[in-house]
Structures are given as C-alpha cells and as structure tokens.
Student: 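Here it is, the structure in full.
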Amino acid sequence: MQRLMARKEKVIQDQAKGILDLFQRHRIHYLRGKGAIEKPGSATAQLGDGKIIEVPWDRLIVATGTQPCSFPAFPFDGQQILSSNDALCLQEVPASIMVLGGGVIGCDSPSFWLSLALRSRWWRPRIVSSLSPQSMKIVPR
Ligand SMILES: Cc1cc2nc3c(=O)[nH]c(=O)nc-3n(C[C@H](O)[C@H](O)[C@H](O)COP(=O)(O)OP(=O)(O)OC[C@H]3O[C@@H](n4cnc5c(N)ncnc54)[C@H](O)[C@@H]3O)c2cc1C
C-alpha cells in the first residue's frame, strides 16, 4: 500500500508540474490562493502569505469543483467513515470496506479494492442512470 501511495503522489506531482509548465509556455498567469468574487468585474485572491490582491476580469469561469457529501449523522472522520478522497489516502489496506453509493466513483472503487484482495461490500440503492443499459447489467456482477 505504501508503494501504491508513493506512486500515486509521484503521478500527481508529475501531472501538476506538467500543467504548470503548460501555463508558463502559454503565458497563463497562475495565482495560487483562495479566490472570492467581490463585485462584477473584480475578484480577490488571498495568497499563501495572507496577502489579498485584486484581480479584474472581463469574463469569469467558475471551476471550483465539488466536495464529497457526508451524512449528518455520520460525518467523515478520515478513519472509519471515509470520503472518496480520504479513501485514496489510506496508508494500509483495511480488513474490509463497504462502499456506499452507485455513482461513477461508487461503481469504480469496489473493483479497485478487490484488486487489493480486500473484501468489499457495496451498498447501492440505485446505480447511476448515466450508464448504458448494457453496463447497468454488468456493473453489479
Ligand atoms: C475519487 C475520485 C475518482 C475520480 N476518478 C475519475 C476518473 O477516473 N476519470 C475522470 O474523468 N474523472 C474522475 N473523477 C472526477 C474528476 O476528478 C472531476 O470530474 C474533476 O476533477 C472535476 O474538475 P474540476 O476542475 O471541475 O474540479 P476540481 O478538480 O475539484 O478542481 C476544483 C479546484 O478549485 C479549487 N477551489 C475551490 N474553491 C476555490 C476558491 N474559492 N478559490 C480558489 N480555488 C478554489 C479547489 O481547491 C480545486 O483545486 C474522480 C473524482 C474523484 C473524487
């Protein structure tokens, strides 16, 4: 598992470096920080050192992604109750794991855990409907 995680980190770093190189080559101005939209035509970025700078814009694309959603009664604790992101950071293979959810990640991850010879139980009230009818038949197997 440690080798797997080390490999994962290397792939992430290589990919991130590749993207930063592309930004540089195409003279894309990259700011690392927390963005906020203050008013039309202007955003602020809080940089790593806490400094806040103003960034004017003509067109704005918001691409802030998504976050895993927990059940209020069972908040993620990173130990027993894991988000799909937490599951990618485990340092040891657990004795067993239950995957809750039948979306793309919920369908994908049981096969990953099975490849690590782990007993994986899959709770899927409804399999993601964007799959083709053929895939819908195959996935539960
Ligand atoms: C476990 C897992 C497995 C996946 N597997 C696959 C796969 O095999 N194939 C596939 O195609 N897709 C896969 N996906 C989905 C894929 O990762 C997402 O669809 C994709 O990352 C979405 O890209 P995005 O740019 O919209 O958002 P993200 O990749 O989530 O990026 C959003 C970025 O915005 C930043 N951000 C948020 N708020 C602010 C703010 N206020 N200021 C500045 N920055 C901010 C975040 O820090 C983040 O860096 C997987 C996702 C997960 C979680």
Side-chain angles (χ1 to χ4, degrees), residues 1-72 74-141:
M1 193 69 172
Q2 277 171 357
R3 270 180 49 213
L4 184 72
M5 288 299 142
R7 163 101 182 116
K8 181 200 76 173
E9 286 306 323
K10 185 173 179 329
V11 170
I12 292 171
Q13 278 167 21
D14 289 351
Q15 294 281 328
K17 188 177 172 307
I19 291 168
L20 286 180
D21 288 348
L22 281 174
F23 278 6
Q24 244 175 2
R25 207 177 315 152
H26 295 284
R27 289 192 226 115
I28 294 169
H29 188 192
Y30 168 67
L31 288 173
R32 187 173 179 143
K34 184 168 183 183
I37 306 158
E38 300 286 329
K39 54 186 181 213
S42 172
T44 57
Q46 184 171 21
L47 308 180
D49 58 6
K51 197 172 146 198
I52 297 177
I53 59 169
E54 198 171 329
V55 188
W57 49 269
D58 294 322
R59 295 282 192 279
L60 177 75
I61 298 174
V62 179
T64 44
T66 55
Q67 287 200 327
C69 176
S70 69
F71 290 95
F74 300 99
F76 299 130
D77 59 15
Q79 302 289 319
Q80 263 198 303
I81 303 177
L82 308 170
S83 69
S84 50
N85 290 347
D86 294 333
L88 294 176
C89 300
L90 284 179
Q91 297 300 318
E92 288 171 11
V93 182
S96 70
I97 197 160
M98 186 179 88
V99 179
L100 184 60
V104 175
I105 296 169
C107 293
D108 205 21
S109 49
S111 57
F112 166 72
W113 293 109
L114 283 172
S115 72
L116 297 175
L118 171 73
R119 266 188 307 131
S120 141
R121 190 171 293 164
W122 184 35
W123 179 270
R124 47 168 200 343
R126 191 172 59 92
I127 296 173
V128 69
S129 50
S130 57
L131 295 178
S132 69
Q134 279 157 318
S135 309
M136 299 271 270
K137 281 187 206 153
I138 294 168
V139 167
R141 286 187 217 152

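Throughout, residue positions are numbered sequentially from 1 according to the sequence presented. In each ligand, atom 1 is the first atom listed, and ligand 1 is the first ligand listed.
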Student: Output every pair passing ring pair (Phe, Tyr, Trp, His ring centres under 6.0 Å) with a member in residues 75-95, not counting sequence neighbours, ordered by first then second residue.
Tutor: none
Student: Among all residues two or more places apart in sequence or in another chain, which pass the side chain to side chain contact (heavy atoms under 4.5 Å, CB included) test with Glu92?
Tutor: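 Once residues adjacent in sequence are excluded, Glu92 has no partner under the side chain to side chain contact (heavy atoms under 4.5 Å, CB included) criterion.
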Student: Using atom types as modelled and distance alone, determine if a side-chain donor or acceptor of Gln80 lies under 3.5 Å from a backbone N or O of Gly78.
Tutor: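 No, because the side chain of Gln80 does not come within donor-acceptor range (under 3.5 Å) of the backbone of Gly78.
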Student: Enumerate the residue pairs fulfilling ring pair (Phe, Tyr, Trp, His ring centres under 6.0 Å) with a member in residues 26-62, sequence neighbours excluded, ordered by first and then second residue.
Tutor: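 Sorted result for residues 26-62: Phe23-Tyr30.
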Student: Could you check whether any side-chain N or O of Ser83 sits under 3.5 Å from a backbone N or O of Asp86, counting only pairs where one atom can act as donor and the other as acceptor?
Tutor: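 Yes.
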Student: Within the protein, flag every N or O under 3.5 Å from an N or O of ligand 1, and note the pair and distance.
Tutor:
from	atom 1	to	atom 2	distance (Å)
ligand 1	41 (N)	Gly35	O	3.0
ligand 1	42 (N)	Gly35	N	2.7

Student: Any chance you could lay out the salt bridge (Lys or Arg N to Asp or Glu O under 4.0 Å) test for Asp21 and Arg25, step after step, and finish with the verdict?
Tutor: CA-CA 6 Å; Asp21 288 348; Arg25 207 177 315 152; 5.9 Å; no
